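Working notes, beginning with the structure itself.
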Amino acid sequence: MARKRTVAAAQLGPIALSESRASVVARLCALLAEARARGATFVVFPELALTTFFPRYVFEDEAELDRFYEGSLPGPDAAPLFEAAREAGIGFYLGFAERVEEAGRIRRFNTAITVDAAGRVIGRYRKVHLPGHAEPQPGRAFQHLEKRYFEPGNLGFPVFEGLGGKMGMLICNDRRWPEAYRVMGLQDVELVCLGYNTPLDHADHEEINVLSGFHNALSMQAGAYQNATWVIGAAKGGREEGSLMLAESCIIAPSGQIVAQATTMEDELVCATIDLDMGRPYKETFFDFARHREPEAYRLIVERKGPGPMLGAKSASEA
Ligand code: CDV
């Protein structure tokens with residue numbers, strides 16, 4: 001029996017620096033109401049979905065910075081979203097800035113949670129691949145200070161049961177790293193949810209920036225196909241406080257094909273009915289990992305962080 005589910009990527013248009021949490025949560029609730037009307041049972045919201053993309057700013061004052069973070073969710077501001085989702089019987093993925101006391105100190109992570117249709121948090125993921133810088137870069141119109149405001153995630157890439165299948169999560173820049181998908185592929189993941197904020201002015205090279213949409217689709221389609229999993233990518237789009245953000249939220253099949261995509265840069269719900277069994281034929285043929293993978297040949301992936309000596313370099317006696 002096919003395991004069909006109707007799911008959605010809930011894209012957000014710009015969130016102003018001055019926009020209140022209550023206003024943002026009302027926008028999320030409106031998208032949730034549309035999801036309900038369209039028969040969706042699971043919705044993916046973007047990375048840092050409750051605020052503007054604050055790593056573009058330099059904050060020297062910790063109290064000023066802290067207003068962008070949440071403690072445990074649902075706090076009072078996000079509670080209406082949790083209530084509306086439980087009442088509608090819809091599960092969701094939500095990205096937010098997390099500030100917790102752990103190991104006797106305050107820690108900050110770029111986090112996503114998955115909440116089931118009964119309102120229980122069933123998965124937590126903390127972004128591993130933090131882009132940008134720890135120090136402000138002179139001459140940039142917009143900073144990208146994720147390395148200043150977050151620590152790399154410390155939870156790995158857990159796969160968990162949800163939607164009657166196996167789910168995993170990524171956050172934004174993680175989608176560019178095949179290792180992240182593969183670690184979940186090795187847990188037989190069937191649906192990867194990810195939210196993103198991709199400023200179109202990020203790179204210092206125009207020839208890279210102009211390909212942002214291509215690279216977004218390329219990395220999600222490759223991750224989906226090579227691990228035979230569905231991927232739902234939900235973006236923040238439009239011009240946010242002057243910085244233009246890539247939209248193009250989409251839902252990608254285990255074949256690597258895009259089955260639904262946003263057409264605006266605003267709040268928009270992208271829906272599709274997906275079959276969680278669709279990855280099975282790929283997992284039994286090309287990507288039967290147990291039959292075809294050769295981990296011994298991949299040792300460098302975990303032994304080295306950056307490029308090192310060539311394995312094929314000839315010794316002096318061979319040359
Ligand atoms: N928020 C992100 O992780 N953004 C990164 C880049 C553009 C900085 C991304 O991969 O989209």
Side-chain angles (χ1 to χ4, degrees), residues 9-15 17 24 44-59 65 68-69 93-98 108-112 125-137 139-153 155 157 168-181 192-224 231-250 252 261-262 265:
Q11 177 172 289
L12 288 174
I15 299 177
L17 182 59
V24 176
V44 178
F45 293 110
E47 172 191 35
L48 301 176
L50 298 174
T51 66
T52 201
F53 187 69
F54 66 90
R56 76 168 67 90
Y57 301 107
V58 183
F59 296 104
L65 175 66
F68 295 101
Y69 292 77
Y93 161 114
L94 180 72
F96 64 101
E98 181 185 26
R108 294 181 172 83
F109 297 101
N110 186 339
T111 297
Y125 170 69
R126 291 170 172 164
K127 185 175 184 177
V128 168
H129 299 99
L130 298 174
H133 309 96
E135 295 304 324
Q137 301 298 294
R140 279 187 74 111
F142 302 102
Q143 298 295 329
H144 197 113
L145 297 173
E146 287 196 57
K147 287 189 192 295
R148 183 184 188 90
Y149 297 143
F150 303 113
E151 296 179 46
L155 303 176
F157 298 97
M169 294 183 274
L170 295 176
I171 300 177
C172 198
N173 184 43
D174 286 322
R175 73 196 186 289
R176 304 181 194 273
W177 298 89
E179 299 89 334
Y181 294 96
V192 174
C193 304
L194 76 93
Y196 60 94
N197 279 277
T198 301
L200 298 179
D201 47 37
H202 178 74
D204 294 331
H205 304 273
E206 286 302 321
E207 66 272 29
I208 296 181
N209 288 331
V210 83
L211 293 174
S212 293
F214 170 66
H215 292 149
N216 176 52
L218 178 70
S219 50
M220 290 195 290
Q221 289 181 266
V231 173
I232 305 176
K236 171 91 74 59
R239 196 166 287 282
E240 187 177 85
E241 299 292 353
S243 174
L244 189 60
M245 313 289 276
L246 179 70
E248 302 186 8
S249 302
C250 56
I252 299 161
Q261 184 164 11
M265 301 186 91

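All figures in this text were calculated on a predicted structure; none of them were measured in a lab. One-based numbering, in listed order, for ligands and for the atoms of each.
Shown here are the side chain to side chain donor-acceptor pair (under 3.5 Å) partners of Asn173, two or more places apart in sequence or in another chain: there are none.
Closer than 4.0 angstrom to ligand 1 sit non-hydrogen atoms from Glu47, Phe53, Lys127, Pro131, His144, Glu146, Cys172, Asn173, Arg175, Arg176, Asn197, Thr198, Pro199, His202.
Ion pairing between a basic and an acidic side chain is recognised when a charged N comes within 4.0 Å of a carboxylate O; Arg56 and Glu241 show no such pairing.
Put simply, the side chain of Asn209 gets close to the backbone of Ala203: a donor and an acceptor are under 3.5 Å apart. Here the side chain of Tyr196 pairs a donor or acceptor atom with the backbone of Ala247 at under 3.5 angstrom.
Taking 4.5 Å as the limit, some side-chain heavy atom of Asn216 sits within range of a side-chain heavy atom of Leu246. A 4.5 Å side-chain heavy-atom check between Thr111 and Phe150 finds every atom pair outside the cut-off.
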